[in-house]
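We count ligands from 1, going down the list as the structure has it; atoms in each ligand are counted the same way.
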Amino acid sequence: MRWLTEALGALEAQGQLRTPTVLGEPQGPKATIRGKSCVVFCSNDYLGLKDHPTLLQAASEALRHGVGSGASRLISGNLSLHERAEQSLASLVGLPAALLGSSGYAMNVGALACLLGPEDVVYSDQLNHASLIDGLRLSRARVRVFPHGDTDALRQLVSRENPCRRRWVVTESLFSMDGDLCPIEELQQLSLHHDLLLYTDEAHAIGVLGPRGQGLCRARNIVPAVLLGTLGKALGGSGAFLAGSPELRAWLWNRCRSTVFSTAVTPSAAAVALAAATLAPTLDTLRARLSRHRRRLGDALKRLGIPSGGDPETPIVPIPLKDERATLTASQRLLERGLFLQAIRPPTVPRGGSRLRLTLSAAHTDEDIDALLHHLPACLP
Ligand SMILES: *Cc1c(COP(=O)(O)O)cnc(C)c1O
């Protein structure tokens, strides 16, 4: 397959070749990478829940039901554990119903493909996650991409549109790579005014944002038509859920292909989802610790003159370096000093948008952050 060798060579020449980093002995925010003990500063485990005793116990107790669920939900894989997890997840985000699935990627693709069609128009934020983009492509809806977070531009697009069956706005609430928030109130206003359906992806917001970590929509009292939440980020486990009305759930049961044609998540994953949904609202102490880390880091970066982005309310702090190779070099230098920050490059971010995406966790210690601040300046170009 010479063409692959050539294509890989081309990626390498552009500084875009990706190879996975192997983490050995992961424990909390630490792991062994190439024989060296490292602190991980690029995980989405914002609260440190992947190691939480309550979730560990939930996972191990569920093993008495087996390590697998045996079939898709509609055949014989629909356990009472799944149903209970869904009720808890729905109440976490303050919506009437939820459907649990294997991943946020799969659920976004499955939901968008079965809710929208070629007769519909959808306004999609320019920085939306790949799973939203792929779901919209599969739906064959007419996609209008609007500049990131720009409600004026969106308003213009909306008022110029020709009649169609239904219109949607699709956005992340907390943007994964930039760490900023969507203008949710304005989007809600616009949706009410122009009869648009709002689809919000709260993958990075659940567990983190809002007074009880219930996400941006709940914090601002906004009821989207569809909400996606993941279990693999702040909630510590794996899988994802779609939340909305009971009718939405019934439609997804019938038409969401990533649910209909996919094996139900394992009993342990469902048990972790259930436990995490119950636990997350009680963890204000961890969220306060995360905010404290964030403030300290933000202040220090400013003092050091290191440009960074992200909303100060969020644990995602992009350090823009633009160039692919410069970003790779910085990441390698940090790794040599026991700090793991993955280089984020196209196509995850636009061309010229390469960056270190620094993420904080309540599981980090003050010493971890001291070490980061000590080494960072010398590792950047
Ligand atoms: C991570 C992510 C997803 C995918 O969720 P997984 O459960 O990891 O597949 C979807 N949307 C956004 C915005 C994400 O950041």
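When atom types are taken as modelled, the side chain of Arg355 and the backbone of Met177 share a donor-acceptor pair closer than 3.5 angstrom.
Evaluation of the salt bridge (Lys or Arg N to Asp or Glu O under 4.0 Å) rule for Glu119 yields Arg165 as partners, not counting sequence neighbours. Evaluation of the ring-ring contact (aromatic ring centres under 6.0 Å, His included) rule for Phe241 yields no partner, not counting sequence neighbours.
Using a 3.5 Å distance cut-off with no hydrogens or angles, the side chains of Tyr46 and Asn44 do pair a donor with an acceptor.
Phe340 shares a hydrophobic cluster with Leu23, Ile33, Val40, Leu335; the chain of contacts runs through ILVMFWY side chains whose heavy atoms sit under 4.5 Å apart.
Between Arg249 and Glu83 there is a salt bridge, since a side-chain N of the basic residue sits under 4.0 Å from a carboxylate O of the acidic one.
Sorted by chain then number, the residues whose non-hydrogen atoms approach ligand 1 to under 4.0 Å are Ser103, Gly104, Tyr105, Asn108, His129, Ser131, Glu172, Ser176, Asp201, Ala203, His204, Thr230, Lys233, Gly239.
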